[in-house]
Amino acid sequence: MNKTWTMVVAAALFEVAWVIGLKHADSLPEWSGTLVAICLSFYFMMNAARQLPVGTVYAVFVGLGTAGTVIAESLLFEADISAAKVALLTVLLAGVMGLKLLSAKKEEAGGV
């Protein structure tokens, strides 16, 4: 994975942090951490979008963020997880991987 895709993954990880922060923050330090996570998330995503197709970056960002948030909520806050959720997350992540692979093929062919 190259530096640009690493930025997309970092953006998604910070997205998980700020989405959870929006729901669970109840003190100034927690809200401050949420704000920092928002800024870092969008910083990484915007920088990645300078190198990769913006639609692909956004889809991967949102897909990984969504899957990460569902998993984190389940692990950290004992949110319900069902076989249907796992199946749908699998389909979501398969789509994200497909977009990344298509983008990689286009980069190899000389386009971005």
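- Taking both residues in full, the closest heavy atoms of Leu99 and Ala59 are given as CD1-CB, 3.4 Å, listed atom of the first, atom of the second, then distance.
- Checked against salt bridge (Lys or Arg N to Asp or Glu O under 4.0 Å), Lys85 has no partners two or more places apart in sequence or in another chain.
- Side chain of Ser41 to backbone of Ala11: a donor-acceptor contact under 3.5 angstrom is found.
- Proximity of Glu15 to Val19: side-chain heavy atoms (C-beta onward) are separated by under 4.5 Å at one or more points.
- Heavy atoms only, all atoms of each residue included: Ala12 and Gly65 are closest at CB-N, 3.9 Å.
- The CE atom of Met97 sits 12.0 Å away from the CG atom of Leu102 when rounded to the nearest 0.5 Å.
- Residues Val54 and Ala49 come closest through the heavy atom pair CG2-CB, 4.0 Å.
- Between Leu64 and Leu93, some side-chain heavy-atom pair lies under the 4.5 Å cut-off.
- Taken together through direct or relayed side-chain contacts under 4.5 Å among Ile, Leu, Val, Met, Phe, Trp and Tyr, Trp18 and Tyr58 form part of one hydrophobic cluster.
- For Glu30 (side chain) and Asp26 (main-chain N/O), a donor-acceptor pair under 3.5 Å exists by modelled atom type.
- Think of Tyr43 as one node in a network of Ile, Leu, Val, Met, Phe, Trp and Tyr side chains linked at under 4.5 Å; its network also takes in Met7, Phe14, Val36, Leu40, Phe44.
- Taken from OG1 in Thr66 to CG in Leu89, the straight-line distance is 8.5 Å, to the nearest 0.5 Å.
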(request) Determine, stepwise, if the pair Met45 / Val8 fulfils side chain to side chain contact (heavy atoms under 4.5 Å, CB included). (result) CA-CA 6 Å; Met45 184 182 63; Val8 176; over 6 Å; no
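- Under the 4.5 Å side-chain heavy-atom criterion for Ile, Leu, Val, Met, Phe, Trp and Tyr, Val96 and Ile71 are members of distinct hydrophobic clusters.
- Closest approach of Thr4 and Gln51 over heavy atoms only: CG2-CB, 3.6 Å.
- A continuous path of hydrophobic side-chain contacts links Leu13 to Trp5 [ILVMFWY only; heavy atoms under 4.5 Å].
- If you chain together ILVMFWY residues whose side-chain heavy atoms come under 4.5 Å of each other, Leu76 ends up grouped with Val16, Ile20, Phe77.
- With rounding to the nearest 0.5 Å, the separation of CD in Glu78 from CD in Glu73 is 11.5 Å.
- Annotation: side chain of Leu22 is in contact with side chain of Trp31 (closest heavy-atom distance under 4.5 Å).
- Nearest heavy-atom pair, Leu92 versus Ala67, reported as atom, atom and distance to 0.1 Å: CD2-N, 4.3 Å.
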